[in-house]
There are 2 protein chains.
Amino acid sequence: MTNIQDVAKAAGVSTASVTRYLAGQTIRRADAVKQAIDELGYRPSHVARSLKTGRHDSIGVIVPDISNPFFAALVKGVEREMRPHGMQVILGNSDEDAGREEALVRELSQRTDGIIMAPLTENDEIPLALMKTGIALVFVDRDISSGPDVDRVLVDNASGVRQAVDHLVGLGHTRIAAISGPLDSTPGRMRHEALLSSFEHHGIAADDSLLRIGDFREASGRAAIQEIWAAPQRPTAVFVANNLMTTGALTALMEMGVRVPSDLSVVGFDDLPLAALLDPPLTVIARPDVDQGAAAARLLVERLGEPGQPSPAPHPTQSLVLPVELVVRGSTIAAPALPEGSPA
Amino acid sequence: MTNIQDVAKAAGVSTASVTRYLAGQTIRRADAVKQAIDELGYRPSHVARSLKTGRHDSIGVIVPDISNPFFAALVKGVEREMRPHGMQVILGNSDEDAGREEALVRELSQRTDGIIMAPLTENDEIPLALMKTGIALVFVDRDISSGPDVDRVLVDNASGVRQAVDHLVGLGHTRIAAISGPLDSTPGRMRHEALLSSFEHHGIAADDSLLRIGDFREASGRAAIQEIWAAPQRPTAVFVANNLMTTGALTALMEMGVRVPSDLSVVGFDDLPLAALLDPPLTVIARPDVDQGAAAARLLVERLGEPGQPSPAPHPTQSLVLPVELVVRGSTIAAPALPEGSPA
DNA sequence: GATAACACTGGTATCGATAACAGTTGAGGG
DNA sequence: CCCTCAACTGTTATCGATACCAGTGTTATC
């Protein structure tokens with residue numbers, strides 16, 4: 001590859017002048033430099049520049065599962081927001097693996113100016129190490145329990161769950177099953193806690209045979225619903241704490257011949273791209289996904305400033321909580337009349 | 001940040017010895033170096049290392065749309081294959097934008113040792129420039145028409161389309177509509193050409209009012225099916241050339257009150273994560289997605305070798321074509337009896 | 001004509017690591 | 001005791017760009 005020295009020589013100037021030309025400053029022999037660059041096909045080495053300046057003009061996004069439509073949409077939001085600021089967006093997919101997440105954080109923290117990430121668990125120590133390196137950090141969708149103040153963008157998980165339970169109770173359901181997410185992840189914990197407190201608020205006794213903890217992946221949704229359906233007393237409705245587990249649960253229900261909603265009402269957290277086309281159309285708690293990514297990107301830009309500009313003064317961290325919304329479709333209907341002999 | 005000099009000083013050795021320790025060679029004062037590294041929290045600068053060695057120990061993947069489940073799965077395959085080789089996978093999402101694709105190529109070609117990409121169009125000039133820089137390149141799912149030999153992994157588009165048309169004709173359909181993809185993209189062109197040649201093979205006249213070219217995105221599937229349904233003579237079946245356009249078409253059909261499959265049989269290219277749960281379950285041409293990514297990764301590894309090892313000798317480029325398979329579900333049924341007066 | 005201000009210029013140290021090279025040490029053999 | 005060899009060591013140039021510093025020329029002002 002040709003380097004800045006080749007260009008300088010070809011144009012008959014010093015490397016400093018080429019640098020100045022590259023930075024948009026006016027130099028006497030601009031034409032000659034431009035010509036030399038074109039003829040040699042010169043591209044400045046990003047690596048060398050980063051080494052000298054310490055800047056990268058790019059940010060990283062680390063998500064647990066890029067094939068989850070929610071995270072894919074989130075990434076889109078980040079990119080859309082970043083593009084006009086002239087920053088590259090680099091993606092990392094941890095595949096729900098702590099080791100891989102750590103490797104990505106190490107890698108991207110050296111190649112980017114800031115990182116937007118959804119940490120795997122609330123005990124995740126990795127981001128703490130990140131903060132010490134001075135890189136800008138924004139948490140999105142997930143949080144960690146300990147550690148320093150960090151910008152974050154969450155959604156109102158508690159409100160969503162409350163809306164869902166209110167909706168089911170309003171339809172007469174009292175035996176409500178739930179497939180929750182990992183309790184050491186922010187959305188898993190918040191949704192589960194909100195569920196229990198909603199149950200309590202409505203005077204519904206929590207029945208352990210109807211409560212399952214999954215791992216937010218499809219297979220665990222399948223397994224959980226099978227266990228729940230084998231419970232001594234079956235539920236009339238089920239709440240599933242995320243999109244992939246909902247997919248798994250629906251698949252298993254179809255295979256088991258359980259009809260939704262006549263045998264079982266289903267409400268899921270997270271909208272699905274095809275939720276309206278399912279049989280029946282799925283009732284869900286929808287939340288902003290693209291917007292959540294965009295919001296995180298905005299927080300990061302506020303901290304980093306534009307490429308080429310001096311960084312803005314540090315300011316206090318911000319926490320955003322975006323609203324969610326219950327979308328009632330066809331998968332939830334009134335509870336069947338109580339069988340004889342049941343408690344009132 | 002602490003650098004290698006700090007470590008060397010703290011351990012009472014030269015920087016060269018620290019480098020050697022880092023590279024796994026045996027040095028006399030290994031304990032002291034290890035201790036210094038731990039105490040100072042030293043992490044070697046990836047940027048500086050890359051500048052000196054020219055290696056990055058990471059690869060890039062550039063896709064047109066990460067929120068397309070097919071590409072998300074493909075990325076997963078790449079990562080799964082790369083992980084045991086100790087290479088980082090960095091993602092870029094061009095969002096179907098040529099300018100953004102170019103920026104990503106420039107960016108990632110300077111940060112990675114090789115790139116797996118699905119070029120936007122077959123006329124894409126960008127990868128050609130890439131080849132000149134000497135970086136390893138693998139095309140996946142899409143190809144470019146001109147230019148040097150490149151490793152590539154495609155699927156058997158023609159066979160898939162043929163299977164779909166054979167299936168529809170076997171069910172008695174003769175008025176078959178199609179929503180094709182962009183003709184300047186490899187899958188768009190190959191599927192469209194295979195469609196026309198299958199029509200010809202079965203003696204079906206191509207009716208322009210039933211053939212639409214979309215852009216592989218959901219909105220264009222919606223628009224196309226609306227136009228098709230407004231044709232003077234409606235079709236009894238439709239073939240849709242990819243997953244997102246199929247989603248769009250199904251949504252529009254539902255909104256228009258067209259019943260699938262009784263009013264219209266539907267077969268789509270690409271399986272959907274929820275295809276089996278749709279109403280009706282969707283007949284599709286399924287293809288390996290994760291495997292396609294994994295195959296591309298394998299080709300790249302063959303060219304790059306393991307990190308820390310010398311690169312293997314150059315070898316001729318390879319082209320893989322993976323098989324596809326028609327999955328018959330519920331969205332295709334026998335054509336209705338011909339209305340009176342129709343040509344036989 | 002001297003002086004100041006301005007707009008540029010090139011030389012060079014530097015970012016943080018690696019690798020080539022030229023020592024230095026200690027063990028073992030004669 | 002000297003020599004050879006193996007195993008390790010430090011010094012230094014280098015990757016490709018940037019930024020500081022100290023000029024150099026031109027123009028404007030008195």
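To find a chain, count down the sequence lines: A is the first, B the second, and so on, and within it residues start at 1. Computed from a prediction, not measured in an experiment: that's the story for all the values here.
In terms of heavy atoms, Ser94(A) sits closest to Leu120(A) at OG-CD2, 3.9 Å.
dT9(C) atom C1' lies 12 Å from atom CD of Gln25(A), rounded to whole Å. Counting to the nearest Å, the P atom of dT18(C) and the CZ atom of Arg49(B) are 5 Å from each other. Atom CG of Leu22(B) and atom C1' of dG16(C) are 12 Å apart (whole Å). Spacing between atom CD1 of Ile27(B) and atom P of dT25(C) amounts to 18 Å, rounded to whole angstrom units. Asp31(A) has its CG atom 14 Å from the P atom of dC8(C), to the nearest Å. As a whole-Å value, the separation of Asn3(A) CG from dT18(D) C1' is 14 Å. In this structure, Gln110(B) atom CD and dC15(D) atom P are separated by 17 Å, rounded to whole Å. Whole-Å rounding puts the Gln5(A) CD to dC15(D) P distance at 8 Å.
Within the 4.0 Å cut-off from OP1 or OP2 of dC15(D), not a single side-chain nitrogen or oxygen of Ser45(A) is found. Between dC8(C) and Arg28(A), no contact under 4.0 Å exists linking OP1 or OP2 to a side-chain N or O. Residue Ser17(B) places at least one side-chain N or O under 4.0 Å from the OP1 or OP2 atom of dG10(D). Listed pair Thr26(B) / dC8(D) meets the phosphate criterion, a side-chain N or O lying under 4.0 Å from OP1 or OP2. Look at Thr19(A) and you'll find a side-chain N or O under 4.0 angstrom from OP1 or OP2 of dT18(D).
Taking a cutoff of 4.0 Å between a charged side-chain nitrogen and a carboxylate oxygen, Arg217(A) and Asp65(A) do not qualify as a salt bridge. Ion pair Arg100(A)/Glu79(B) flagged as a salt bridge, since at least one NZ, NE, NH1 or NH2 atom sits closer than 4.0 Å to an Asp/Glu carboxylate oxygen. Taking the charged nitrogens against the carboxylate oxygens, Arg83(A) and Asp95(B) do have a contact shorter than 4.0 Å, which makes a salt bridge.
Nearer to the 5' terminus of DNA chain D, by closest-nucleotide assignment, is the contact made by Leu51(A) (compared with the other of Leu51(A) and Arg20(A)). Taking the nucleotide of DNA chain D with the nearest heavy atom to each of Ala30(B) and Thr53(B), the more 5' of the two is matched to Ala30(B).
Among the atoms of the strands shown, only primed sugar atoms or phosphate atoms (P, OP1, OP2) are found under 4.0 Å from some heavy atom of Val13(B). Using a 4.0 Å heavy-atom distance criterion, Tyr21(B) is classed as making no nucleic acid contact.
Side-chain contact between Leu108(B) and Ile62(B) is present, with at least one heavy-atom pair separated by less than 4.5 Å.
Base pairing analysis places dA27(C) opposite dT4(D); the two distances defining the Watson-Crick or G-U wobble pair are each below 3.5 Å.
Comparing dT18(D), dG11(C), dA17(C) by their nearest atom to the side chain of Lys52(A) picks out dT18(D). With distances taken from any side-chain atom of Ala16(B) to the nucleotides dA17(C), dT11(D), dT9(C), the minimum falls on dT11(D).
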